[in-house]
Amino acid sequence: QIGMNDSAVRTLFGIASGEIEMSDGYGKANAQFMAASGGSVTTSGDYKIHVFTSSGTFTVNTAGNAAGSNTAEYLIVAGGGGGGQSGGGGAGGYLTSTSGVLSATGYSVTVGGGGGGQSTGGNSSFNSVTSFGGGRGGPTATAGGSGGSGGAGSFPNGGGATIPGGSGTSGQGNSGGSSRRLAGGAGGGAGAAGQDAHARGNNYGGNGGVGLQSSITGTNTYYAGGGGGKGWSGDGAGGAGGGGNGSDNQGNGTANTGGAGGANFAGTGMNGGSGIVVLKYKFQ
């Protein structure tokens, strides 16, 4: 039960004292909006956007309610996997959704680093939601690693066997391509699997799986592209979303995209790109 003279009713209706009527409440809403800090903060219309390019804390200073705001839209991208000797690395896992109700407390944010050559990328997380690091591209004659998206296998020198790619995590990414005789497959991306070796012709490396676009920051941007494979006749391109090209020395994944590293005959493979966490909520 409530009374018309209750302080909460007077506050909501905007009548501090004197006569109060039900009509004074028309169009009024008891909306309370969340206020928070952490990361790099920008404003777009009625929304605040917090971008984390390194690990930190998202601190809810004022808890809102359902009539205003008490949840946040999130984008969580893990670090991309490093490329292999002929197979590209897999992209970092890509997750986007809306959080549960957030209280006035601090929430740990982890931003995964990119994997070094032939290494898995680091996980990214927020509020117990984890996006898995991209799988590594394999060393010679080794299958690609599994992860957010799978890395590609690397072919055996002089052999004709097919070396499979690693698997991706359901809802986060796709599998890596296979490698075979003188060409490497490509790493998977958030939007598509990595291309198998020879798909573009004999001894051509595969193209990296394309990532996915998000406009959570206010700009439509691709994230989580797979790394390109390396081939004797031609190299594969990295997938849109920061994936590195198959290359002798220029195929690193792009920082803060979760893009994977490309393959590299001459060494241990190129580095994956670091991940990113973005949180967006209504503040007025």
Side-chain angles (χ1 to χ4, degrees), residues 32-44 47-66 68-82 89-116 119-136 145-149 168-173 190 211-212 214-219 221 223-224 241-242 253-260 271-283:
Q32 298 175 18
F33 294 92
M34 189 166 64
S37 58
S40 177
V41 185
T42 58
T43 301
S44 177
Y47 291 85
K48 292 284 188 183
I49 302 161
H50 295 242
V51 178
F52 290 83
T53 55
S54 60
S55 298
T57 302
F58 179 72
T59 302
V60 178
N61 302 304
T62 302
N65 62 16
S69 65
N70 58 7
T71 63
E73 180 185 353
Y74 62 75
L75 170 69
I76 305 174
V77 181
Y94 175 106
L95 286 173
T96 184
S97 188
T98 301
S99 73
V101 173
L102 299 175
S103 304
T105 189
Y107 294 88
S108 178
V109 175
T110 300
V111 176
S119 298
T120 301
N123 296 344
S124 292
S125 63
F126 164 71
N127 194 24
S128 300
V129 179
T130 300
S131 182
F132 297 107
R136 56 154 179 78
S146 298
S149 283
T169 300
S170 178
Q172 297 192 19
L212 289 175
S214 172
S215 58
I216 190 171
T217 63
T219 301
T221 304
Y223 298 91
T254 303
N256 300 125
T257 66
N271 300 329
S274 54
I276 191 170
V277 175
V278 183
L279 304 168
K280 179 181 179 179
Y281 61 90
K282 195 170 185 181
F283 78 97

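The first residue of the sequence shown is numbered 1, and numbering continues consecutively from there. Since the structure is predicted, the reported quantities are computational estimates derived from the model, not experimental observations.
- Formation of a donor-acceptor pair under 3.5 Å by the Q32 side chain with backbone atoms of A66 is not found in this model.
- Between the side chain of S69 and the backbone N or O of K282 there is at least one donor-acceptor pair closer than 3.5 Å.
- When all heavy atoms of S149 and A190 are compared, the pair lying nearest together is OG-N, 3.9 Å.
- For A260 against A91, the heavy-atom pair with the smallest separation is CB-N, 3.8 Å.
- Applying the side chain to side chain contact (heavy atoms under 4.5 Å, CB included) test to S108 and every residue at least two apart in sequence or in another chain returns T110.
- T257 places a side-chain N or O within 3.5 Å of a backbone atom of G259 that can act as its donor or acceptor partner.
- Here the closest non-hydrogen pair linking S124 and G275 is OG-CA, 4.4 Å.
- From I76, atom CD1 reaches atom CG of N127 across 8.5 Å, with rounding to the nearest 0.5 Å.
- Atom NZ in K280 sits 8.5 Å away from atom OG1 in T217 (nearest 0.5 Å).
- Checked against side chain to side chain donor-acceptor pair (under 3.5 Å), K48 has the following partners two or more places apart in sequence or in another chain: T43.
- Among residues two or more places apart in sequence or in another chain, the side chain to side chain donor-acceptor pair (under 3.5 Å) test is passed with S40 by none.
- When the shell of 6.0 Å around OH of Y47 is examined, it contains 12 or fewer heavy atoms from other residues, nucleotides or ligands.
- With hydrogens and angles disregarded, no donor-acceptor distance shorter than 3.5 Å links the side chain of T105 to the backbone of S103.
- Between the CD atom in Q172 and the CG atom in L212 there is a gap of 11.5 Å [rounded to 0.5 Å].
- In this structure, the side chain to side chain donor-acceptor pair (under 3.5 Å) partners of N256, at least two apart in sequence or on a different chain, are S274.
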Show me, pair by pair, the donor-acceptor contacts under 3.5 angstrom made by side chains of residues 93-102, not counting sequence neighbours?
from	atom 1	to	atom 2	distance (Å)
Y94	OH	Q213	O	3.3
T96	OG1	Y74	O	3.0
S99	OG	A72	N	3.0
S99	OG	A72	O	3.4

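- Panel note: side chain S214, backbone I216; a donor-acceptor pair is recorded below 3.5 Å.
- Taking each heavy atom of F283 and F33 in turn, the nearest pair found is O-CB, 3.4 Å.
- Using a 4.5 Å cut-off on side-chain heavy atoms (C-beta onward), V60 and Y107 make contact.
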Let me have the donor-acceptor pairs involving side chains of residues 49-56, under 3.5 Å, with sequence neighbours excluded, atom names and distances please.
from	atom 1	to	atom 2	distance (Å)
H50	ND1	G38	O	2.8
H50	NE2	Y281	OH	3.0
S55	OG	V111	N	3.0

